[in-house]
Amino acid sequence: MMALNYTAYYELTEQLRAAFEADEATNLVSFGDFGGYDRGKDTITPCAHIIPNPITINNQTISVSLQVFCYDIPEGHTNQIDALDTTLGILMRVLSKYNGRKIRVLDTFATMSSAPSFDPVLEEGNSGVCGWIGTLTFEMTSHAPKC
């Protein structure tokens, strides 16, 4: 049996980043620590932020977990629903490629192991952000998935 390719984690995150960047509504895609930039700048929103979560290394698989925070800054308090709608649209367009499908990542296969679930984020104040945060979990294996 072929060993798992450790660079598949990197490639999976790069595929996700590229998919978010390709979405017409996304202005910025970032990765890592959430506090590393000024998220109050309206020039960066709507934004998709990918946060690494713990991984589990099993005998023949790796379970990869990533948190995604997709958000916008509404113009005034009455436009929170618009911000939620915009960011939900981004998530649905990007994740439709992955949800319930097996994706080839180099010589590894990644399957979203559960349907993603997102919670709303509604921050108050002048630069409050609105959007959705949730976790994506992928099961990665070196052998072709069974049909």
Side-chain angles (χ1 to χ4, degrees), residues 1-74 80-124 127-147:
M1 173 187 267
M2 183 173 22
L4 285 167
N5 186 338
Y6 70 90
T7 60
Y9 172 83
Y10 172 81
E11 292 298 325
L12 177 64
T13 58
E14 285 301 301
Q15 277 188 19
L16 283 166
R17 181 187 355 214
F20 279 112
E21 285 175 349
D23 188 83
E24 70 272 3
T26 306
N27 283 332
L28 177 73
V29 179
S30 54
F31 183 87
D33 181 24
F34 190 63
Y37 60 91
D38 181 5
R39 60 189 175 138
K41 295 172 70 176
D42 59 0
T43 57
I44 67 170
T45 59
C47 179
H49 186 74
I50 302 169
I51 305 162
N53 274 350
I55 65 169
T56 302
I57 301 172
N58 299 306
N59 189 23
Q60 296 182 17
T61 63
I62 297 175
S63 295
V64 173
S65 177
L66 300 165
Q67 199 168 29
V68 174
F69 183 24
C70 191
Y71 66 91
D72 199 354
I73 298 174
Q80 286 183 334
I81 193 68
D82 291 336
L84 289 172
D85 182 62
T86 298
T87 53
L88 179 60
I90 293 168
L91 289 168
M92 290 179 71
R93 286 187 298 272
V94 170
L95 297 180
S96 67
K97 174 183 177 183
Y98 299 92
N99 199 359
R101 294 179 172 84
K102 295 162 183 64
I103 305 296
R104 188 174 184 113
V105 181
L106 299 173
D107 58 355
T108 301
F109 296 90
T111 304
M112 192 177 284
S113 57
S114 60
S117 176
F118 287 84
D119 293 319
V121 175
L122 302 168
E123 291 187 5
E124 299 294 329
S127 64
V129 297
C130 292
W132 302 93
I133 191 165
T135 301
L136 309 178
T137 305
F138 293 89
E139 197 73 26
M140 300 179 84
T141 182
S142 63
H143 56 277
K146 297 176 183 172
C147 296

Option passing side-chain contact (heavy atoms from CB on, under 4.5 Å) with Thr135 (candidates Val68, Asn53, Leu66):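 For Thr135, the side-chain contact (heavy atoms from CB on, under 4.5 Å) test succeeds with only one of Val68, Asn53, Leu66, which is Asn53.
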Under the rule for side-chain hydrogen bond (donor to acceptor under 3.5 Å, both in side chains), what residues qualify as partners of [X], not counting sequence neighbours?
| X | answer |
| --- | --- |
| Thr56 | none |
| Ser96 | none |
| Arg17 | Glu14 |
| Asn99 | none |

Any chance you could measure [X], atom [atom1], to [Y], atom [atom2], to the nearest 0.5 Å?
| X | Y | atom1 | atom2 | result |
| --- | --- | --- | --- | --- |
| Met140 | Phe109 | CE | CZ | 11.0 Å |
| Thr45 | Ile73 | OG1 | CD1 | 4.5 Å |
| Leu91 | Thr86 | CG | OG1 | 11.0 Å |
| Leu122 | Leu84 | CG | CG | 5.5 Å |
| Leu28 | Glu21 | CG | CD | 8.5 Å |

With Ile55 via side chain to side chain contact (heavy atoms under 4.5 Å, CB included) - residues at least two apart: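 Testing Ile55 for side chain to side chain contact (heavy atoms under 4.5 Å, CB included), a comparison that skips the adjacent residues, returns Tyr9, Ile57, Ile62, Val64.
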Set of side chain to side chain contact (heavy atoms under 4.5 Å, CB included) partners for Glu11, sequence neighbours left out: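 By the side chain to side chain contact (heavy atoms under 4.5 Å, CB included) rule, Glu11 matches Val105, Leu106.
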Given side chains that start at C-beta, do those of [X] and [Y] come closer than 4.5 Å, heavy atoms only?
| X | Y | value |
| --- | --- | --- |
| Leu16 | Leu136 | yes |
| Phe138 | Ile103 | no |
| Phe118 | Thr87 | no |

State, to 0.1 Å, how close [X] and [Y] come at their nearest heavy-atom pair, and which atoms those are.
| X | Y | result |
| --- | --- | --- |
| Thr141 | Gln60 | OG1-O, 3.6 Å |
| Ile50 | Thr13 | CD1-O, 4.5 Å |
| Gly32 | Ile51 | O-CG1, 3.8 Å |
| Met112 | Gly100 | CB-N, 4.5 Å |

Would the distance check show the side chain of [X] and the main-chain N or O of [Y] forming a donor-acceptor pair, the cut-off being under 3.5 Å?
| X | Y | result |
| --- | --- | --- |
| Asn27 | Cys47 | no |
| Ser113 | Thr137 | yes |
| Thr61 | Glu139 | no |

Pair listing, salt bridge (Lys or Arg N to Asp or Glu O under 4.0 Å) test, anchored in residues 86-95, at least two apart: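 Counting only pairs at least two positions apart or across chains, the salt bridge (Lys or Arg N to Asp or Glu O under 4.0 Å) contacts touching residues 86-95 are Asp23-Arg93, Glu24-Arg93.
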Chi angles and distances behind the side chain to side chain contact (heavy atoms under 4.5 Å, CB included) call for Tyr71, Ile90: CA-CA 10 Å; Tyr71 66 91; Ile90 293 168; over 6 Å; no
